[in-house]
Amino acid sequence: MDLTNPDTLKSLLLRYHIRPSESLGQNFLIDAEVFKAIISAAELNSSDVVLEIGSGVGNLTMELAGRCKQVIAIEKDKRMIKPLRFVLKDFSNASIINDDILKINLPNILEQTSQNPPSLIPDSKFLIPSFKVVANIPYYITGEILRLFLEFRAKPRLLVILVQKEVAERVIAGPGEMSILSVSVQLYSRPEIVDVVSASSFWPEPKVVSAILKMTVYDKPVLDVDEKRFFNLVKIGFS
């Protein structure tokens with residue numbers, strides 16, 4: 001199924017009586033070249049576990065599932081689950097979770113992917129697997145998503161996400177132009193803008209220009225500091 005074709009995408013949504021929700025930031029990516037850029041930036045291999053946020057109807061999920069060990073697709077909108085299951089019916093390595101990424105027990109979800117069956121693990125302890133985040137995220141929760149993963153005790157190795165261009169530029173800002181956001185991201189990762197994405201690459205078209213933001217996460221923070229005291233000082237500085 002070619003979901004980069006707007007007519008195919010609209011037909012699928014119509015079959016399930018779905019209209020894209022502006023309040024949920026539902027702008028579906030329909031540009032094949034942008035998909036290629038995202039996949040390339042994610043450096044996927046057959047052993048990767050990938051977490052996708054805001055899977056929608058699964059147009060990006062299909063691309064991920066065809067290249068990695070497992071995809072965990074998290075979608076908040078209950079209406080999207082039936083078309084998402086239909087699109088992913090041939091991919092046994094794709095798991096669908098109908099929930100809010102900001103409210104789920106993320107460690108538990110990731111732990112469940114680490115071993116099968118979990119009963120074989122000594123003392124019932126799970127090991128959170130190394131994972132990547134690849135997603136066309138809802139832009140209105142960009143900051144919360146970045147905080148969630150960069151403050152997570154078992155951080156992803158890599159994040160490749162579509163965000164608003166202005167936000168991506170703030171994230172990669174250098175000395176003299178930095179914000180709390182850029183300091184926070186750059187403490188934990190090396191961010192870069194892979195490509196700029198026009199509004200015409202989506203349906204419906206958003207009112208903003210987007211960018212593919214890649215964040216390569218360090219093994220440990222770039223500064224050897226007490227993180228709580230560090231961010232207290234940063235907030236004082238920017239106030």
Checklist entry - Rounded to the nearest 0.5 Å, how far does CG of D31 lie from CG of L29? => result 6.5 Å
Checklist entry - Going through the distances and angles, do L12 and I18 end up as a side chain to side chain contact (heavy atoms under 4.5 Å, CB included)? => result CA-CA 9 Å; L12 177 65; I18 298 173; over 6 Å; no
Checklist entry - Between the side chains of Q26 and D77, is a donor N or O closer than 3.5 angstrom to an acceptor N or O? => result yes
Checklist entry - Mind checking whether I141 and I101 have side chains closer than 4.5 Å, heavy atoms only? => result yes
Item to check | Taking every non-hydrogen atom, the tightest pair across S200 and E205 | outcome: CA-OE2, 3.6 Å
Checklist entry - Do F230 and V183 have side chains that get closer than 4.5 Å, going by heavy atoms? => result yes
Item to check | side chain to side chain donor-acceptor pair (under 3.5 Å): pairs with one or both residues in residues 181-197, sequence neighbours excluded | outcome: Y188-E227, R190-E192
Checklist entry - What closest approach, in Å, do P20 and L13 show between heavy atoms, and which atom pair accounts for it? => result CG-CD1, 4.3 Å
Checklist entry - Does E144 reach the side chain of L102, with side-chain heavy atoms less than 4.5 Å apart? => result yes
Checklist entry - What's the shortest heavy-atom distance between N93 and K69, and which atoms? => result CB-O, 3.1 Å
Checklist entry - Are any non-hydrogen side-chain atoms of Y140 and S23 less than 4.5 angstrom apart? => result no
Checklist entry - Quick one: CG on L159 to CG on L146, what's the gap to the nearest 0.5 Å? => result 7.5 Å
Next on the checklist: I need the S201 OG to N27 CG distance, nearest 0.5 Å.
Outcome noted: 11.5 Å
Next on the checklist: Run L223 and L187 through side chain to side chain contact (heavy atoms under 4.5 Å, CB included) and show every step you take.
Outcome noted: CA-CA 7 Å; L223 299 176; L187 177 67; 4.0 Å; yes
Next on the checklist: Once side chain to side chain donor-acceptor pair (under 3.5 Å) is applied, what residue pairs with a partner in residues 52-67 remain, sequence neighbours excluded?
Outcome noted: E52-S55, E52-T61, E63-R67
Item to check | Transitive ILVMFWY side-chain link L84 to F91, under 4.5 Å | outcome: yes
Checklist entry - Between V134 and A42, what is the shortest heavy-atom contact and its length? => result CG2-CB, 3.8 Å
Checklist outcome for this item: The complete set of salt bridge (Lys or Arg N to Asp or Glu O under 4.0 Å) pairs with one or both residues in residues 167-178, sequence neighbours excluded, reads K165-E169
Checklist entry - Considering all heavy atoms of both residues, which atom of F152 and which atom of K155 are nearest to each other, and what is their separation? => result O-CG, 3.0 Å
Checklist entry - Is any side-chain heavy atom of E75 less than 4.5 Å from a side-chain heavy atom of I81? => result yes
Checklist entry - What pairs with E33 under salt bridge (Lys or Arg N to Asp or Glu O under 4.0 Å), at least two apart in sequence or on another chain? => result K36
Item to check | Contacts of A32 that satisfy side chain to side chain contact (heavy atoms under 4.5 Å, CB included) - sequence neighbours left out | outcome: T4
Item to check | ILVMFWY network linking V234 to Y218, side-chain heavy atoms under 4.5 angstrom | outcome: yes
Item to check | S239: side-chain hydrogen bond (donor to acceptor under 3.5 Å, both in side chains) partners, not counting sequence neighbours | outcome: none
Item to check | Any pair counted as side chain to side chain donor-acceptor pair (under 3.5 Å), so long as it reaches residues 8-18, sequence neighbours left out | outcome: none
Checklist entry - Residues two or more places apart in sequence or in another chain: which of them pass side chain to side chain contact (heavy atoms under 4.5 Å, CB included) with E43? => result K132, K214
Next on the checklist: So if I apply the side chain to side chain contact (heavy atoms under 4.5 Å, CB included) rule between F131 and each of I72, V50, L51, L158, which one comes out positive?
Outcome noted: L51
Checklist entry - Who passes side chain to side chain contact (heavy atoms under 4.5 Å, CB included) against K228, sequence neighbours left out? => result D226, N232
Item to check | side chain to side chain contact (heavy atoms under 4.5 Å, CB included) evaluation trace for F238 with L233 | outcome: CA-CA 9 Å; F238 279 101; L233 179 60; over 6 Å; no
Next on the checklist: Going by salt bridge (Lys or Arg N to Asp or Glu O under 4.0 Å), name the residues that satisfy it together with D100, two or more places apart in sequence or in a different chain.
Outcome noted: K76
Item to check | Same apolar cluster (I L V M F W Y, side chains within < 4.5 Å links), V225/M178 | outcome: yes
Next on the checklist: Taking salt bridge (Lys or Arg N to Asp or Glu O under 4.0 Å) as the cut-off, I'd like each qualifying pair that reaches into residues 83-94, sequence neighbours left out, listed once.
Outcome noted: none
Checklist entry - Is there a donor-acceptor pair under 3.5 Å between the side chain of D48 and the backbone N or O of Q70? => result no
Checklist entry - Can you name the closest pair of heavy atoms from I193 and A211 and give their distance? => result CG2-CB, 4.1 Å
Next on the checklist: Assigning hydrophobic clusters by single linkage (Ile, Leu, Val, Met, Phe, Trp, Tyr; side-chain heavy-atom cutoff under 4.5 Å), is V49 placed with M62?
Outcome noted: no
Next on the checklist: Are L3 and V57 packed together at the side-chain level, in the sense that at least one heavy-atom pair is separated by less than 4.5 angstrom?
Outcome noted: yes
Checklist entry - Does a side-chain heavy-atom distance below 4.5 Å link V133 with I161? => result yes
Checklist entry - Can you name the side chain to side chain contact (heavy atoms under 4.5 Å, CB included) partners of Q164, sequence neighbours left out? => result Y139, E166, V167, V208
Checklist entry - Do M1 and M80 share a hydrophobic cluster (ILVMFWY, side-chain heavy atoms under 4.5 Å, transitive)? => result yes
Checklist outcome for this item: One should read off an interatomic distance between L24 CG and E22 CD, to the nearest 0.5 angstrom, of 10.5 Å
Checklist entry - In Å and rounded to the nearest 0.5 Å, what is the CD1 to CD1 distance from I109 to I104? => result 3.5 Å
Checklist entry - Can you tell if the side chain of V163 reaches within under 4.5 Å of the side chain of V171, non-hydrogen atoms only? => result no
Checklist entry - Hey, what do you get for CG (L88) to CG (L64), rounding to the nearest 0.5 Å? => result 10.0 Å
